[in-house]
*Asks:* 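Supplied in structure tokens, the structure appears directly below.
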Amino acid sequence: MPSLHDRLRLVLVTDGVGDPRRVEAIVWAAVRGGVRCVQLREPRWSARVLMQVCERLMPAIDAAGGWLLVNDRVDVAAARLAHGAQVGHRSLPPDLARAVLGLGGVLGFSAHDRDELEVAADARCDFALLSPVWPTTSKPHAPFLGVP
């Protein structure tokens with residue numbers, strides 16, 4: 001079973017504009033190539049589409065010892081259609097997300113500074129992703145952290 005470090009060494013985050021079949025093809029190729037954590041960030045998809053995609057992806061990700069995470073959709077993760085959820089400042093607060101998922105579900109948090117990292121730790125998140133490192137067109141006004 002891969003360690004937390006091994007699973008998070010390279011995380012595939014989908015682009016949020018994908019056709020479900022295109023996203024599935026990308027995820028399958030990434031998992032075959034060694035990715036062990038996939039974050040479905042598809043806010044335009046309905047809960048039903050997200051559920052169907054998760055059902056199709058879970059067997060391959062399980063076989064690789066990886067994690068399938070869904071952005072913001074703690075309900076989908078709690079239904080065991082994904083291994084867990086990735087939440088951020090527009091999602092359920094991480095302490096409530098943890099209560100819904102229980103200790104068995106994987107919970108990631110999108111943090112942007114030291115204070116948000118502390119929020120993630122206090123809520124017993126399994127990990128936090130700190131971003132953005134570089135300027136990004138998806139969040140043009142967000143301050144970027146750079147690399148020390």
Side-chain angles (χ1 to χ4, degrees), residues 1-112 116-117 119-142 144-145:
M1 187 65 89
S3 68
L4 175 72
H5 180 266
D6 289 339
R7 284 185 173 123
L8 297 177
R9 183 179 314 233
L10 179 62
V11 178
L12 170 66
V13 181
T14 63
D15 61 12
V17 295
D19 164 85
R21 292 295 179 179
R22 176 184 156 267
V23 169
E24 287 177 50
I26 290 167
V27 169
W28 286 326
V31 170
R32 280 192 307 274
V35 168
R36 295 296 170 259
C37 185
V38 174
Q39 180 183 335
L40 290 178
R41 184 180 63 114
E42 298 295 334
R44 295 181 182 145
W45 290 359
S46 69
R48 184 170 304 274
V49 168
L50 182 61
M51 173 197 77
Q52 291 167 341
V53 170
C54 287
E55 287 176 330
R56 290 191 293 266
L57 292 175
M58 282 287 282
I61 294 173
D62 277 339
W67 284 338
L68 178 62
L69 306 177
V70 290
N71 249 46
D72 300 322
R73 297 307 305 256
V74 178
D75 56 334
V76 172
R80 301 290 182 242
L81 297 167
H83 297 100
Q86 178 78 17
V87 297
H89 69 280
R90 292 184 296 182
S91 310
L92 277 179
D95 57 337
L96 291 177
R98 173 53 72 206
V100 171
L101 285 177
L103 294 176
V106 178
L107 182 59
F109 185 74
S110 297
H112 303 92
E116 289 184 356
L117 288 174
V119 167
D122 291 345
R124 298 184 323 268
C125 292
D126 295 290
F127 65 92
L129 299 177
L130 188 60
S131 69
V133 175
W134 294 282
T136 174
T137 57
S138 67
K139 296 177 183 171
H141 302 294
F144 63 96
L145 303 167

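Below, all heavy atoms of this structure are taken into account, side chains as well, without hydrogens, waters or symmetry copies.
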*Asks:* To the closest 0.5 Å, what do you measure between CZ (Arg21) and CZ (Arg56)?
*Replies:* 4.0 Å
*Asks:* Might you point out which heavy atoms bring Val70 and Cys54 nearest each other, and give the distance in Å?
*Replies:* CG1-SG, 3.7 Å
*Asks:* Would you name the heavy atoms of Pro20 and Val49 that are closest together and state the gap between them?
*Replies:* CG-CG1, 3.7 Å
*Asks:* What's the separation between atom CH2 in Trp45 and atom CD in Gln52, rounded to the nearest 0.5 Å?
*Replies:* 10.5 Å
*Asks:* If every non-hydrogen atom of Arg41 is compared with every non-hydrogen atom of Thr14, which pair is closest and at what distance?
*Replies:* N-OG1, 2.8 Å
*Asks:* Donor-acceptor pair, distance only, cut-off 3.5 Å: does the side chain of His83 make one with the backbone of Leu69?
*Replies:* no
*Asks:* Quick one: are Val119 and His89 in side-chain contact, heavy atoms under 4.5 Å?
*Replies:* no
*Asks:* Do Arg44 and Val17 come within less than 4.5 Å of each other through their side chains, counting heavy atoms only?
*Replies:* yes
*Asks:* Classify the ring geometry between Trp67 and Phe127 as parallel (under 30°), tilted (30 to 60°) or perpendicular (over 60°).
*Replies:* parallel
*Asks:* Can you see which heavy atom on Leu101 is nearest to which on Ala77, and at what distance?
*Replies:* CD2-CB, 3.5 Å
*Asks:* Checking the side chain of Ser110 only, and the main-chain atoms of Leu129 only, is there a donor and an acceptor separated by less than 3.5 Å?
*Replies:* no
*Asks:* Is the shortest heavy-atom distance from the side chain of Leu107 to the side chain of Gln86 under 4.5 Å?
*Replies:* no
*Asks:* Would you say that Glu42 contacts Asn71 through its side chain, given a criterion of any heavy-atom pair below 4.5 Å between the two side chains?
*Replies:* no
*Asks:* Minimum heavy-atom separation for Arg36 to Asp6, with atom names?
*Replies:* CB-O, 4.2 Å
*Asks:* Determine, for Asp122 against Arg98, whether the closest basic-nitrogen to carboxylate-oxygen distance falls under 4.0 angstrom.
*Replies:* no
*Asks:* Roughly how far, to the nearest 0.5 Å, is the CG atom of Leu117 from the CZ atom of Phe109?
*Replies:* 8.5 Å
*Asks:* Kindly compute the distance separating CG (Leu50) from CG (Leu40), expressed to the nearest 0.5 Å.
*Replies:* 6.0 Å
*Asks:* List the atom of Asp72, the atom of Gly88, and the distance in Å for their closest heavy-atom pair.
*Replies:* OD1-N, 4.3 Å
*Asks:* Any side-chain heavy atom of Val27 sitting closer than 4.5 Å to one from Ile61?
*Replies:* yes
*Asks:* Please round to the nearest 0.5 Å and tell me the distance separating atom SG of Cys37 and atom CZ of Arg9.
*Replies:* 13.0 Å
*Asks:* Can you tell if the side chain of Glu24 reaches within under 4.5 Å of the side chain of Val53, non-hydrogen atoms only?
*Replies:* yes
